[in-house]
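A, B, ... follow the sequence lines: proteins, then strands. Residue 1 opens every chain. Values in this document were obtained by computation on a predicted structure and should not be read as measured data.
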Amino acid sequence: MATECFESRVYEIEVLTPTIIGGQDKIQSFEFVKDGDCLYFINFDRLFEENLFKESFIDELSRGLSGNLKDFNIRNVMTKYNIDFRRFSKYKLKLEGVQKLSREIVPFVKSAGRFYIPGSSFKGAIRSFVTKALKKDLIKHYEDCLNQKGKVDPQHLSSNADKKVFSSPNESPFKYLQISDSSFVNPDDVAVFEIKVMNICDGQVKWFAGVKEGKTNNVDKPEQSSSIVAEGIKPGVKIFGSMKVEKDFVDGNEVVSGLKEKIGINVLAASPAEFLAEVMRAVVKDYIQREINFYSKYNQAQIVSEYHKLLNILNSLEQNQFLIQIGFSTGYLSKTVGIFFTKTHFEKLKMIDQKSRIYPDLFPKTRRIIFKNGQVYTVPGWIKITIR
Amino acid sequence: MDVILKGKYIIKCKIKAVTGLHIGEGNNSIEIGGIDNAVVKDAEGKPYIPGSSLKGKMRSLMEFAEGKVKDDLMVVAVKKGDKPEICIHMCDDKECPVCGLFGRNHGKHVTKKEFLKDPKAEGRDFSDAVIPTRLIVRDAKLIESSITDEMKENLDLEWTEVKFENNIDRITSKANPRQSERVPAGAEFSAEFVVNRYEVDGSDDGEKYLSKFIKAMKLLEDDYLGGQGSRGNGKVKFVDIEIFYKDSSDYEKDSNDLKPIATAPSLDQL
Ligand SMILES: [Zn+2]
């Protein structure tokens with residue numbers, strides 16, 4: 001056996017559009033200070049520690065943080081006590097054309113305070129896109145899940161199909177695909193972005209503006225709509241990690257059936273890593289083309305041109321490269337097999353998943369769009385992968 | 001069989017967590033006031049890497065690398081009814097690098113091939129080939145200073161963080177969050193390995209098993225240690241490596257000031 005198959009390879013991620021991978025707790029407005037076009041994120045541990053002797057400050061701070069002070073503004077309190085917020089910040093991020101700063105910010109996932117892309121998010125995205133390349137008879141398992149009788153938890157609706165298609169985690173080909181967490185991303189390479197939700201109502205583009213009296217409110221003008229503000233990695237940034245695509249991932253073995261026999265497209269690649277890249281390029285191309293059709297229909301010239309740029313990049317990739325959309329706000333279509341669903345499927349899904357707003361005539365009818373200086377800018381989460 | 005201990009290679013190094021590291025407690029019990037899926041900790045409450053975890057992982061990687069993962073070369077270690085649940089490689093080949101380094105168990109073993117034919121097969125003893133295990137792996141203790149104050153300010157627990165992971169339903173896109181504890185990337189552990197050098201029936205091991213062990217270290221760097229390794233965790237690197245050799249005659253003298261026979265900042269420079 002050649003030793004090469006035990007060697008892990010380096011993956012390079014090049015961020016193409018702002019990429020957001022949401023972490024656990026939202027960052028509240030009292031946790032940062034806005035100064036010009038920068039946000040300073042306060043290090044409360046240090047702030048408390050170094051100012052313990054200033055009793056009234058600690059008092060005021062504690063009351064403010066516990067929510068007992070109306071209009072509590074951390075910057076004013078710090079200024080009042082002559083404390084420089086810059087000195088007590090963990091990191092600062094630039095606002096990338098954010099016009100409407102919301103009360104809370106979606107944090108990027110961090111490990112001990114450091115920004116990174118979890119291997120799990122990356123691998124999860126690959127798995128989602130791989131399901132879009134499955135043979136028709138395997139897709140059918142997902143459709144069959146929609147015919148289940150009795151109550152099903154929408155969190156676990158696909159688990160039967162997942163098992164039939166990929167087997168249990170122990171017998172899944174995905175155990176032969178190892179993807180490590182990425183290297184850490186310098187805060188200078190991270191910025192704060194503004195996202196708005198585009199919603200197609202009666203064939204017209206509207207923008208989500210919150211919920212009023214139990215009904216979603218959609219408006220014509222994006223400037224009147226709600227914003228999601230999030231930490232994201234800037235386009236152009238490169239990060240690295242390691243990846244191992246074993247032969248068994250593609251070909252399988254006596255116990256595990258490989259991906260090759262599950263995929264509905266003809267793949268020529270010789271090595272396992274190139275096999276993965278080729279599958280991803282094919283699926284992503286189809287996905288992008290569908291999105292171009294969608295945005296063209298609703299006259300979103302800017303997004304259409306962004307997707308054409310991505311398509312051009314895709315068409316010029318090498319054997320060991322692919323594109324993928326990852327993370328927060330990438331939407332239903334990228335995370336599911338819904339790309340194959342028809343109106344009838346969505347009618348069934350609506351019966352099972354009554355909490356989500358499913359419109360069988362057009363689903364998904366929303367998209368999350370990154371805005372810059374009040375204008376439609378791009379779609380989030382597109383990255384280019386090179387396996388070395 | 002005559003086995004003489006010629007000496008010991010002692011490998012001292014640090015194991016650096018390149019990504020977060022989750023070595024579970026072995027059961028899924030919830031710590032009191034703790035979180036799901038805790039990492040194993042020592043008596044002082046600090047995470048550590050059990051020698052058994054390191055040894056087990058290195059063994060299984062070596063089994064693959066040495067081409068020993070075949071039904072007739074695997075024995076059933078744990079069975080579940082008529083099904084082989086866990087199989088490991090074990091054989092009576094005296095030259096086998098895997099068994100030679102990682103050891104063989106006493107008692108009767110049924111190969112997977114035999115078991116699949118007849119789950120009641122009695123198996124056979126490898127006693128003839130059983131010699132004391134060459135590799136000893138100590139528990140690797142956390143080097144406290146490797147978790148910096150800056151990291152500590154951002155940790156959920158004293159030495160560890162809680163990682164949240166979402167399983168996404170492929171039909172509804174609903175997230176099903178799970179949490180698990182892990183040691184953050186950058187943490188270092190001090191590790192020590194001993195490779196015994198034997199003379200078996202007049203034939204000296206020389207450096208054979210030392211180089212096999214270094215191969216196992218390299219295999220581990222290209223794989224992962226602990227849980228959720230295929231999803232990001234457990235990438236480790238051996239750093240600040242020192243190899244000592246202690247001849248069996250050294251044990252008769254006072255030999256505290258043993259000089260390393262090799263040192264290297266990392267495996268590829270060894
Ligand atoms: Zn053996």
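Side-chain N/O atoms of Ser120(A) and Lys163(B) include a donor and acceptor closer than 3.5 Å. Counted by atom type alone, Thr172(B) and Asp353(A) present zero donor-acceptor pairs between their side chains at under 3.5 Å. No side-chain donor-acceptor contact under 3.5 Å links Lys244(A) and Ser230(B).
You'll find the side chain of Ile171(B) stays beyond 4.5 Å of the side chain of Thr336(A), heavy atoms only. Residues Val109(A) and Phe164(B) form no side-chain contact, since every pair of their non-hydrogen atoms from C-beta on lies 4.5 Å or further apart. For the pair Lys335(A) and Arg170(B), the minimum side-chain heavy-atom distance is 4.5 Å or more. No side-chain heavy atom of Val162(B) sits less than 4.5 Å from a side-chain heavy atom of Gln24(A). Taking the side chain as every heavy atom from C-beta outward, Lys174(B) and Ser158(A) never approach each other to under 4.5 Å. With a 4.5 Å cut-off on side-chain heavy atoms, Ile179(A) and Arg231(B) do not count as touching.
If you measure heavy-atom distances from Tyr176(A) to chain B, you find no contacts under 4.5 Å at all. There is no contact between Asn167(B) and chain A, counting heavy-atom distances below 4.5 Å. Contacts between Glu165(B) and chain A at a heavy-atom distance below 4.5 Å involve the side chain alone, from C-beta outward.
In Lys350(A), the NZ atom is crowded: over 12 heavy atoms of neighbouring residues, nucleotides or ligands sit closer than 6.0 Å. With a 6.0 Å radius and a threshold of 12 heavy atoms from other residues, nucleotides or ligands, Glu150(B) has its CD atom at or below the threshold.
Residues Arg9(A) and Asp222(B) are not paired through a salt bridge, judged by the lack of any N-O separation under 4.0 Å between the basic side chain and the carboxylate.
Between Gly113(A) and Asn154(B), the shortest heavy-atom contact is N-CB, 3.4 Å.
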